[in-house]
Amino acid sequence: MDLDRDLNPQQREAVLHEGSPLLVLAGAGSGKTRALTYRIAHLVLHRGIAPWNILALTFTNKAAEEMRLRVQRLLGMEKPGIWIGTFHAICARILRRHIDRLGYRTNFVIYDASDQSRVVKSCLKRLGEEGKRIRPAAVQSLIEKAKNQAVDPALLVPQNAPMSRALGEVVADYRRHMEEANALDFGDLIFLVLRLFDAFPDIRATYQTRFHSILVDEYQDTNRAQHLLLRKVSSRNAELCVVGDDDQSIYRWRGAEVNNLLDFEKDFPGTRILTLEENYRSTQTILRAADAVARGNPERMEKRLWTLNETGEPVVYMEAPTSDGEAAFVVREIQRLVTEHQVPYRHIGVFFRTNAQSRPFEENCVFSRIPYAVIGSVRYYERAEVKDLLAYLRFLYNPSDTVSLLRIINQPPRGIGPATQAALQAYADRRGECLGKAIEHALENEVPSGASRGKIERFQGLIRKLRRQLEDAVPPEKLLKSVIELTGYRDYLQGKEDGERRLENVDEFVQTAAQFQGMEGDLGGRELLGAFLQRIALVSDIDQYEEKANCVSLMTLHCAKGLEFPIVFLTGMEDGVLPHQRSYTSPEALAEERRLCYVGITRAKKKLFLSRACRRSLYGESRQTAPSPFLASIPPDLIDFDNGSVERDALNSPEPAGYEVGEGDSALDYGESQLDRPPLPPPPAADRGRRFRIGDRITHETLGIGTVRKVEGTGYKEKITVQFAAGKIRKLMARISPVRKVS
DNA sequence: CCTCGGTGATTTTTT
DNA sequence: ATCACCGAGG
């Protein structure tokens, strides 16, 4: 580590500064991670601060992981013992130690949004008719919002609204449920630590004395609760260093308050402010485009990003007739880059505003045999089969976890249907116990009668057996295997749709468990399982991103933050998409969309493509679009309008040129996506959601021409059985196989 | 218990 | 367009 050689003067100062709080305003690509990691290394190596006296907070596990790795490398130590992690993970760690003081047990589980939704729904159900009129999502968002602001949700229930009484009851009931289940939601992790620190000064003092030096990354993304946490955990003589960029604040909707960054100086008097303005990532052209977009927002901290990098190529702007055409263009361009310029796939990122936009890109990639990975859309841990197994583990770990119990009690089916479940639940309610407890001795008493008795007994036996394994310190992987074996889960999946793929997911899950325990080998069975479950609850999509895999990355702009790619396609540059339609409700929301656009542009190192579809179907209907207003912010001389095929002033005209689908004089004719079929008469009702019908002639990229013999499933799950010319019969997934109809 | 069809809601982004 | 949820029928 050579500070003079590796860092510029501002970075160096960020590393060396001591004696007062430090705020580093770090523009995109200005090497803030470098500054942070060097600072940590410097603290340890040259200032004699013990690693365990350092706390570094990030927003994603990936950022934490990267920081840990880089610090380790700088220090040349294997496990320095620095507390590096996300806010949520660090809080979970603190709670794991002290949560008993708040009346919870230490084997709490963390509920994700869908678990939370189940709890809310069951609370609403209990309310009867009134409950039906309240949207679960509304309750969830109220609870989340409150906790983000460090306010008791009960206090945030509107007082005079028509449903306020019912709403209040749900909120209270939710809390009861969660406490009974010994479960925490995301918001609780932060919120409860605050409560813990407030109620028990001794605990707070422990951490205050522990953390001499605290560093926070992406400070513009902190919400009020996190900000308070920072204040409470930092003592008077703690050394605070926060890094952020107001231009990259894109989580306002989730409660983030940029003002935490902007007002940092007020909260921590004597703060030294540094600005990192040299960009090491992008070409001058890209940087100028980004800067122009950012300047469209009136309220921001003035920054002048500059770079010594080359001018680079112009930004390419492209208009396609439809969203499929847009995807076809992108894919075509990718192929060109790969074949003509030897660009590896992994150097390419394709970004979009919403997850729903990914489909055409996926389809076109599949068709063109381009390896790709969608980061984030279908989350691994939310797939049914993985969640099932996870629910077993969770219920074994925490017998009060009712949500998990209800998920597995009849999965795979073992004859314990809704009626039996209701009887058990009623019994549990009568005794004022949680379902799991009640089931344990339900049989000794009157409930339930008849046929279900044996079934419950068998389930009980299963759980007992598994719990015993857990007591015997059987590690997660083995436990998981036992669950699969004892429940016959494998056979159960085999018979189902998509069985193969889902089995793969199951195997992957087992491997994840094995991998995890390999890393954390020094814990016992119970603690190990707890750590494993916690890890899973707190991983995010972006954490799954692997730069090693050589494939094109498809992701939302939110996911893209913190990453960089030599080549970036920023797609869907349309009014209503970016900025999103719903952001027009407030100027603040609109400003955030602009920052989102800025984030997207600044991910690009060498070359940036912007694209738009003149027609896009949304909610099932196709609509004409206008170019994103953000495009007009970019100086035209930076843009290559694709050889004049797009009118230069197209971006300034209020109306989009009147393109017809698939044609139009000034639109580029990339044609329809290869997956599109020629227009057909509307299919009969039975074929709704299907591309194919029995008897259709199709052509497959490698298998040749064939006839559709059977069609199963609809939409994404549509499967066709095709008899090919050579006599081969194949079953294919319609949506992802390279097939197309022959007219 | 499972499957099917109909219905209604839902879609921004996620630790 | 797609998904979750519900009720009916096998």
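Order of the sequence lines sets the chain letters (A, B, ...), proteins ahead of strands, with each chain counted from 1.
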S.K.: Of all the heavy-atom pairs spanning A:Tyr111 and A:Thr402, show the shortest one and how long it is.
M.R.: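 Closest pair (atom of A:Tyr111, atom of A:Thr402, distance): OH-N, 3.9 Å.
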
S.K.: Whole angstrom is fine here: how far is it from CG in A:Leu229 over to C1' in B:dT15?
M.R.: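 Atom-to-atom, A:Leu229 to B:dT15, this comes out as 14 Å.
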
S.K.: Check whether any side-chain N or O of A:Ser617 sits under 4.0 Å from OP1 or OP2 of C:dA1, and answer yes or no.
M.R.: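 No, no such contact exists.
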
S.K.: Describe the nucleic acid contact of A:Gly415 in one word from base, sugar-phosphate, nothing, applying a heavy-atom distance below 4.0 Å.
M.R.: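 Sugar-phosphate, backbone atoms only, no base.
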
S.K.: For A:Asn410, which contact category applies under a 4.0 Å heavy-atom criterion: base, sugar-phosphate, or nothing?
M.R.: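 It contacts sugar-phosphate atoms only.
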
S.K.: Both A:Asn148 and A:Ile416 contact DNA chain B. Which one's nearest nucleotide lies toward the 5' end?
M.R.: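 The 5'-side residue here is A:Ile416.
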
S.K.: Atom CH2 of A:Trp253 and atom C1' of B:dT11: how far apart are they, to the nearest Å?
M.R.: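 Rounding to the nearest Å, CH2 of A:Trp253 and C1' of B:dT11 are 13 Å apart.
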
S.K.: Please report the distance, rounded to the nearest Å, between NE2 in A:His227 and P in B:dT15.
M.R.: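 Value for this atom pair: 23 Å.
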
S.K.: Go nucleotide by nucleotide along DNA chain B from the 5' end; which of A:His558 and A:Pro413 gets its closest nucleotide reached first?
M.R.: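 Its nucleotide being nearer the 5' end, the pick is A:Pro413.
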
S.K.: Give a yes/no on whether any side-chain N or O of A:Asn355 is located under 4.0 angstrom from OP1 or OP2 of B:dT14.
M.R.: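 Affirmative; the distance criterion is met.
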
S.K.: If you count heavy atoms of other groups shown closer than 6.0 angstrom to CZ of A:Arg96, is the number above 12?
M.R.: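 Result for CZ/A:Arg96: enclosed.
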
S.K.: Report which part of the nucleic acid A:Ile110 touches: base, sugar-phosphate, or nothing (heavy-atom distance under 4.0 Å, all strands).
M.R.: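 Here A:Ile110 touches no strand at all.
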
S.K.: Please classify the nucleic acid contact of A:Phe186 as base, sugar-phosphate, or nothing, using heavy-atom distances under 4.0 Å.
M.R.: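 Base, at least one base atom sits under 4.0 Å.
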
S.K.: Over how many whole Å does the gap from A:Asp188 atom CG to B:dT15 atom P extend?
M.R.: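 Rounding to the nearest Å, CG of A:Asp188 and P of B:dT15 are 17 Å apart.
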
S.K.: How about A:His558 and A:Tyr251: are their ring centroids closer than 6.0 Å?
M.R.: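 That pair passes the under 6.0 Å test.
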
S.K.: Could you give the distance separating B:dT13 and C:dA4 at their P atoms, to the nearest angstrom?
M.R.: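 C:dA4 and B:dT13 have their P atoms separated by 15 Å.
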
S.K.: Scan for salt bridge (Lys or Arg N to Asp or Glu O under 4.0 Å) pairs involving residues 575-584 of chain A, sequence neighbours excluded, and state none if there are none.
M.R.: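 Output for this query is empty, none listed.
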
S.K.: Would you indicate which nucleotide in B:dT11, B:dT13, B:dT15 comes nearest to any side-chain atom of A:Arg582?
M.R.: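 My answer, after comparing the listed nucleotides, is B:dT11.
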
S.K.: Mind calculating the distance between OH (A:Tyr584) and C1' (B:dT11) to the nearest angstrom?
M.R.: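 It works out to 18 Å between those atoms.
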
S.K.: Among the candidates B:dT13, B:dT14, B:dA9, find the nucleotide nearest to the side-chain atoms of A:Arg135.
M.R.: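 My answer, after comparing the listed nucleotides, is B:dA9.
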
S.K.: Which residues pass the salt bridge (Lys or Arg N to Asp or Glu O under 4.0 Å) test with A:Glu144, not counting sequence neighbours?
M.R.: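 With neighbours one apart ignored, the set is empty.
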
S.K.: Taking CD from A:Gln116 and C1' from B:dT14, how many angstroms apart are they, rounded to a whole number?
M.R.: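 Roughly 12 Å, once rounded to whole Å.
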
S.K.: Could you pull out the closest heavy-atom pair between A:Ser583 and A:Ala589, with the gap in Å?
M.R.: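 Reported closest heavy-atom pair: O-CB, 3.5 Å.
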
S.K.: How would you label the contact of A:Lys121 with the nucleic acid (heavy atoms, under 4.0 Å): base, sugar-phosphate, or nothing?
M.R.: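 Result for A:Lys121 = sugar-phosphate.
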
S.K.: Does the structure show A:Tyr251 stacking with B:dT13, if we require the centres to be closer than 5.5 Å and the planes to be within less than 30 degrees of parallel?
M.R.: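 According to the criterion (under 5.5 Å, under 30°), no, A:Tyr251 does not stack.
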
S.K.: From C-beta outward on A:Arg359, which listed nucleotide comes closest to its side chain: B:dT13, C:dT2, B:dT15?
M.R.: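 Nucleotide nearest to A:Arg359's side chain: C:dT2.
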
S.K.: Round to the nearest Å and state the distance from A:Asp217 atom CG to B:dT15 atom P.
M.R.: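 A:Asp217 atom CG is separated from B:dT15 atom P by 15 Å.
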
S.K.: Between atom CZ in A:Arg93 and atom P in B:dT15, what is the gap in whole Å?
M.R.: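 Taking CZ of A:Arg93 and P of B:dT15, I get 20 Å after rounding.
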
